[in-house]
Amino acid sequence: MNLASYKNLHSWKITNEEAKELQTQLAGELKFTVLGKLPRLIAGADSAFIRIAGEEHIITVIVVLSFPELEMVEKKFLTNKVTFPYIPALLSFREGPSFIKTWKRLNYEPEIVFFDGQGIAHPRLLGLAAHLGLWIDRPTIGVAKSRLFGVTEHTPIKKGEWYPLFHPEDRRVIGATVCTKDGAAPLFISQGNYITLEDSIRLVLSCTNKQRLPEPTRLAHLLTERVKKDKKTVGTQDPEE
DNA sequence: GCGACAG
DNA sequence: ATCTTGTCGC
Ligand SMILES: [Mg+2]
(Lines give C-alpha, C1' and ligand atoms only; values in the text may rest on other atoms or scores of the structure.)
Protein backbone atom coordinates (compact mmCIF):
# COMPACT_ATOMS: atom_id res chain seq x y z
CA MET A 1 0.00 0.00 0.00
CA ASN A 2 1.46 3.32 -1.15
CA LEU A 3 0.99 6.29 1.17
CA ALA A 4 0.93 10.02 0.34
CA SER A 5 4.21 11.76 1.17
CA TYR A 6 4.81 14.95 3.16
CA LYS A 7 7.48 16.89 5.03
CA ASN A 8 7.40 17.19 8.83
CA LEU A 9 8.28 20.91 9.00
CA HIS A 10 7.67 21.69 12.68
CA SER A 11 5.80 20.88 15.87
CA TRP A 12 2.14 21.91 16.13
CA LYS A 13 2.36 22.27 19.89
CA ILE A 14 3.32 25.93 20.13
CA THR A 15 2.02 29.19 21.58
CA ASN A 16 0.04 31.79 19.65
CA GLU A 17 3.07 34.07 19.47
CA GLU A 18 5.32 31.28 18.20
CA ALA A 19 2.66 30.38 15.64
CA LYS A 20 2.61 33.93 14.29
CA GLU A 21 6.40 34.07 14.01
CA LEU A 22 6.41 30.69 12.30
CA GLN A 23 3.86 31.91 9.76
CA THR A 24 5.99 34.91 8.81
CA GLN A 25 9.04 32.68 8.49
CA LEU A 26 7.32 29.91 6.50
CA ALA A 27 5.63 32.32 4.08
CA GLY A 28 9.07 33.06 2.68
CA GLU A 29 9.39 29.44 1.51
CA LEU A 30 6.33 29.52 -0.75
CA LYS A 31 6.80 29.11 -4.50
CA PHE A 32 4.30 30.47 -7.02
CA THR A 33 5.19 28.48 -10.11
CA VAL A 34 3.15 27.91 -13.25
CA LEU A 35 1.53 24.50 -13.40
CA GLY A 36 3.55 22.26 -15.72
CA LYS A 37 0.74 20.04 -16.94
CA LEU A 38 -2.88 19.55 -15.98
CA PRO A 39 -3.41 17.25 -12.97
CA ARG A 40 -4.98 13.80 -13.15
CA LEU A 41 -5.88 13.72 -9.45
CA ILE A 42 -7.26 16.59 -7.36
CA ALA A 43 -8.07 16.30 -3.66
CA GLY A 44 -10.41 18.31 -1.48
CA ALA A 45 -10.20 18.62 2.31
CA ASP A 46 -12.53 19.86 5.05
CA SER A 47 -13.21 19.36 8.75
CA ALA A 48 -16.21 19.28 11.10
CA PHE A 49 -16.29 19.42 14.89
CA ILE A 50 -18.13 17.30 17.42
CA ARG A 51 -18.22 16.74 21.17
CA ILE A 52 -17.52 13.22 22.37
CA ALA A 53 -17.82 12.64 26.12
CA GLY A 54 -17.49 16.36 26.76
CA GLU A 55 -14.34 16.72 24.69
CA GLU A 56 -14.15 18.54 21.38
CA HIS A 57 -13.06 16.41 18.43
CA ILE A 58 -12.27 17.22 14.81
CA ILE A 59 -13.38 15.04 11.92
CA THR A 60 -11.23 15.57 8.82
CA VAL A 61 -12.15 14.33 5.37
CA ILE A 62 -9.99 14.15 2.25
CA VAL A 63 -11.53 13.10 -1.06
CA VAL A 64 -9.54 12.37 -4.21
CA LEU A 65 -11.17 13.05 -7.58
CA SER A 66 -10.05 12.22 -11.09
CA PHE A 67 -9.61 15.26 -13.35
CA PRO A 68 -11.29 16.40 -15.50
CA GLU A 69 -13.95 13.70 -14.90
CA LEU A 70 -14.34 14.69 -11.24
CA GLU A 71 -15.19 11.15 -10.15
CA MET A 72 -14.30 10.13 -6.61
CA VAL A 73 -11.52 7.58 -6.56
CA GLU A 74 -10.75 7.66 -2.84
CA LYS A 75 -12.13 9.09 0.41
CA LYS A 76 -10.48 9.03 3.80
CA PHE A 77 -11.63 10.39 7.16
CA LEU A 78 -10.20 10.48 10.67
CA THR A 79 -11.42 11.76 14.05
CA ASN A 80 -8.94 13.32 16.47
CA LYS A 81 -9.02 15.35 19.66
CA VAL A 82 -8.84 19.10 19.08
CA THR A 83 -5.46 20.53 20.11
CA PHE A 84 -5.81 24.22 19.28
CA PRO A 85 -8.69 26.74 19.57
CA TYR A 86 -10.18 28.68 16.68
CA ILE A 87 -8.39 31.99 16.39
CA PRO A 88 -8.78 34.08 13.23
CA ALA A 89 -5.54 33.86 11.17
CA LEU A 90 -4.33 30.79 13.10
CA LEU A 91 -6.77 28.29 11.57
CA SER A 92 -4.04 26.02 10.18
CA PHE A 93 -2.87 25.23 13.71
CA ARG A 94 -6.36 23.96 14.54
CA GLU A 95 -7.03 21.95 11.37
CA GLY A 96 -3.49 21.19 10.21
CA PRO A 97 -2.55 18.35 12.60
CA SER A 98 -5.67 16.35 11.76
CA PHE A 99 -5.25 16.98 8.04
CA ILE A 100 -1.70 15.61 8.07
CA LYS A 101 -2.75 12.49 9.99
CA THR A 102 -5.49 11.88 7.44
CA TRP A 103 -3.17 12.66 4.52
CA LYS A 104 -0.70 10.03 5.77
CA ARG A 105 -3.35 7.36 5.20
CA LEU A 106 -4.12 8.29 1.61
CA ASN A 107 -3.27 5.62 -0.93
CA TYR A 108 -3.26 7.97 -3.92
CA GLU A 109 -0.91 10.92 -4.40
CA PRO A 110 -3.16 13.84 -5.44
CA GLU A 111 -1.21 16.35 -7.52
CA ILE A 112 -3.23 19.32 -6.22
CA VAL A 113 -5.28 19.91 -3.06
CA PHE A 114 -8.19 22.33 -2.54
CA PHE A 115 -8.69 23.60 1.03
CA ASP A 116 -11.72 25.19 2.72
CA GLY A 117 -9.91 28.38 3.72
CA GLN A 118 -7.40 30.95 2.49
CA GLY A 119 -4.15 30.42 0.59
CA ILE A 120 -1.94 33.54 0.88
CA ALA A 121 -4.89 35.90 1.41
CA HIS A 122 -3.81 36.12 5.04
CA PRO A 123 -2.27 38.80 7.33
CA ARG A 124 1.12 37.04 7.20
CA LEU A 125 0.52 35.42 3.81
CA LEU A 126 0.18 31.92 5.23
CA GLY A 127 -3.42 30.76 5.33
CA LEU A 128 -4.47 27.11 5.67
CA ALA A 129 -3.79 26.14 2.04
CA ALA A 130 -0.42 27.89 1.89
CA HIS A 131 0.77 26.41 5.19
CA LEU A 132 -0.26 22.85 4.36
CA GLY A 133 1.07 23.26 0.83
CA LEU A 134 4.52 23.53 2.39
CA TRP A 135 3.94 20.35 4.41
CA ILE A 136 2.72 18.22 1.52
CA ASP A 137 5.16 19.92 -0.85
CA ARG A 138 2.84 20.27 -3.86
CA PRO A 139 0.31 22.68 -5.42
CA THR A 140 -2.52 23.79 -3.11
CA ILE A 141 -5.38 26.26 -3.53
CA GLY A 142 -7.32 28.21 -0.90
CA VAL A 143 -11.07 28.05 -1.61
CA ALA A 144 -12.66 30.24 1.07
CA LYS A 145 -16.36 30.99 1.37
CA SER A 146 -15.70 34.43 2.86
CA ARG A 147 -12.96 37.02 3.30
CA LEU A 148 -10.35 37.03 6.03
CA PHE A 149 -7.87 39.61 4.71
CA GLY A 150 -7.49 41.86 1.70
CA VAL A 151 -9.64 44.42 -0.07
CA THR A 152 -11.76 44.17 -3.22
CA GLU A 153 -13.12 46.93 -5.42
CA HIS A 154 -15.84 44.98 -7.21
CA THR A 155 -18.17 42.03 -6.64
CA PRO A 156 -18.49 39.47 -9.46
CA ILE A 157 -22.08 38.57 -10.35
CA LYS A 158 -21.90 36.18 -13.31
CA LYS A 159 -20.31 32.71 -13.16
CA GLY A 160 -16.70 32.91 -14.33
CA GLU A 161 -16.36 36.60 -13.52
CA TRP A 162 -13.69 37.60 -10.98
CA TYR A 163 -11.79 40.55 -9.52
CA PRO A 164 -8.47 40.81 -7.72
CA LEU A 165 -8.13 40.86 -3.94
CA PHE A 166 -5.47 43.35 -2.86
CA HIS A 167 -3.14 43.46 0.12
CA PRO A 168 -4.34 46.53 2.10
CA GLU A 169 -0.79 47.88 2.62
CA ASP A 170 1.29 47.25 -0.49
CA ARG A 171 -1.67 46.76 -2.85
CA ARG A 172 -0.16 43.59 -4.27
CA VAL A 173 -2.68 41.02 -5.57
CA ILE A 174 -3.05 38.22 -2.99
CA GLY A 175 -6.12 36.47 -4.34
CA ALA A 176 -9.45 37.02 -6.07
CA THR A 177 -13.21 37.13 -5.52
CA VAL A 178 -14.63 34.64 -7.97
CA CYS A 179 -18.25 34.08 -8.95
CA THR A 180 -18.76 30.32 -9.35
CA LYS A 181 -22.58 30.48 -9.64
CA ASP A 182 -24.81 33.20 -11.06
CA GLY A 183 -26.07 35.50 -8.35
CA ALA A 184 -24.43 33.55 -5.51
CA ALA A 185 -21.96 35.08 -3.07
CA PRO A 186 -18.44 34.96 -4.54
CA LEU A 187 -15.67 32.65 -3.34
CA PHE A 188 -12.30 33.98 -2.17
CA ILE A 189 -9.63 32.12 -4.09
CA SER A 190 -5.92 32.46 -3.36
CA GLN A 191 -2.84 30.53 -4.31
CA GLY A 192 -1.29 28.20 -1.75
CA ASN A 193 2.07 26.72 -2.77
CA TYR A 194 3.55 25.87 -6.19
CA ILE A 195 0.77 27.57 -8.16
CA THR A 196 -0.22 30.97 -9.58
CA LEU A 197 -3.45 32.83 -8.87
CA GLU A 198 -4.45 32.52 -12.53
CA ASP A 199 -4.01 28.74 -12.54
CA SER A 200 -5.85 28.55 -9.22
CA ILE A 201 -8.89 30.39 -10.59
CA ARG A 202 -8.85 28.35 -13.78
CA LEU A 203 -8.78 25.06 -11.88
CA VAL A 204 -11.49 26.05 -9.41
CA LEU A 205 -13.79 26.99 -12.28
CA SER A 206 -12.91 23.75 -14.10
CA CYS A 207 -14.00 21.79 -11.03
CA THR A 208 -17.28 23.65 -10.53
CA ASN A 209 -20.61 22.22 -11.71
CA LYS A 210 -23.98 23.70 -10.78
CA GLN A 211 -23.20 24.46 -7.15
CA ARG A 212 -21.23 27.34 -5.65
CA LEU A 213 -18.43 25.17 -4.28
CA PRO A 214 -16.06 23.28 -6.58
CA GLU A 215 -16.46 19.47 -6.33
CA PRO A 216 -13.31 18.72 -4.28
CA THR A 217 -14.29 21.00 -1.41
CA ARG A 218 -18.04 20.43 -1.79
CA LEU A 219 -17.79 16.66 -1.60
CA ALA A 220 -15.32 16.77 1.28
CA HIS A 221 -17.74 18.97 3.20
CA LEU A 222 -20.72 16.72 2.49
CA LEU A 223 -18.80 13.68 3.70
CA THR A 224 -17.74 15.59 6.79
CA GLU A 225 -21.41 16.09 7.76
CA ARG A 226 -22.30 12.49 7.02
CA VAL A 227 -19.47 11.11 9.11
CA LYS A 228 -20.50 13.38 11.96
CA LYS A 229 -24.16 12.35 11.71
CA ASP A 230 -23.28 8.64 11.75
CA LYS A 231 -20.92 9.25 14.63
CA LYS A 232 -23.72 10.72 16.73
CA THR A 233 -26.39 8.13 15.90
CA VAL A 234 -24.57 4.86 15.32
CA GLY A 235 -22.02 5.79 17.95
CA THR A 236 -18.57 5.18 16.50
CA GLN A 237 -19.41 3.55 13.21
CA ASP A 238 -18.23 4.66 9.79
CA PRO A 239 -20.72 5.64 7.09
CA GLU A 240 -21.75 2.88 4.70
CA GLU A 241 -20.74 2.92 1.06
C1' DG B 1 -9.44 51.33 22.90
C1' DC B 2 -12.52 49.70 18.82
C1' DG B 3 -13.94 46.94 15.06
C1' DA B 4 -12.87 42.93 11.89
C1' DC B 5 -12.36 38.35 12.04
C1' DA B 6 -11.12 31.73 7.10
C1' DG B 7 -13.52 27.62 9.95
C1' DA C 1 -17.59 25.79 13.11
C1' DT C 2 -22.20 24.66 15.85
C1' DC C 3 -27.32 25.04 17.38
C1' DT C 4 -31.87 24.29 14.50
C1' DT C 5 -37.81 24.20 11.83
C1' DG C 6 -39.54 25.81 8.33
C1' DT C 7 -39.31 27.79 3.88
C1' DC C 8 -38.07 29.30 -0.86
C1' DG C 9 -36.03 28.03 -5.38
C1' DC C 10 -33.95 24.99 -8.91
MG1 LIG D 1 -14.43 23.85 6.86
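Treat the numbers as computed from the prediction; the structure is a model and nothing was measured. Just so we're on the same page: letters track the sequence lines, and every chain starts at 1.
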Please tell me which of the listed nucleotides, [options], lies nearest to the side chain of [X]?
X: A/D46; options: C/dA1, B/dA6, B/dG7; value: B/dG7
X: A/R94; options: B/dC5, B/dA6, B/dG7; value: B/dG7
X: A/K228; options: B/dA6, C/dC3, B/dC5; value: C/dC3
X: A/R147; options: B/dA6, B/dA4, C/dA1; value: B/dA4

To the nearest Å, how far apart are [X] [atom1] and [N] [atom2]?
X: A/F49; N: B/dG7; atom1: CZ; atom2: C1'; result: 6 Å
X: A/K145; N: B/dC5; atom1: NZ; atom2: P; result: 15 Å
X: A/K181; N: C/dG9; atom1: NZ; atom2: P; result: 13 Å
X: A/L91; N: B/dA4; atom1: CG; atom2: P; result: 21 Å
X: A/I189; N: B/dA6; atom1: CD1; atom2: C1'; result: 12 Å
X: A/F99; N: B/dG7; atom1: CZ; atom2: P; result: 17 Å

For A/H10 and A/W135, which I'm curious about, is there any donor-acceptor pair between the side chains at under 3.5 Å?
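Distance-only check passes for A/H10 and A/W135.
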Base, sugar-phosphate or nothing for [X]? Non-hydrogen atoms, less than 4.0 Å.
X: A/L90; answer: base
X: A/K210; answer: nothing
X: A/A48; answer: sugar-phosphate
X: A/H131; answer: nothing

Between A/R218 and A/E215, is the closest basic N to carboxylate O distance under 4.0 Å?
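So A/E215 pairs with A/R218 through a salt bridge.
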In plain terms, say whether A/E109 and A/R40 are close enough for a salt bridge, that is, a side-chain N and a carboxylate O under 4.0 Å apart.
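Here A/E109 does not pair with A/R40 in a salt bridge, since their nearest N and O are not under 4.0 Å apart.
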Whether A/R94 engages the ring of A/F84 as a cation-pi pair (distance to the six-membered ring centre under 6.0 angstrom, angle to the ring normal within 45°) should be assessed.
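No - A/R94 does not lie over the ring of A/F84 by the 6.0 Å and 45° rule.
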Looking at A/F77, is A/R105 sitting on its ring face, NZ or CZ under 6.0 Å from the six-membered ring centre and within 45 degrees of the normal?
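Judged by the rule, A/R105 and A/F77 form no cation-pi pair.
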Identify whether a stacking contact exists between A/F188 and B/dA6, where the ring centres must be under 5.5 Å apart and the planes under 30° apart.
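No, the aromatic ring of A/F188 does not stack with the base.
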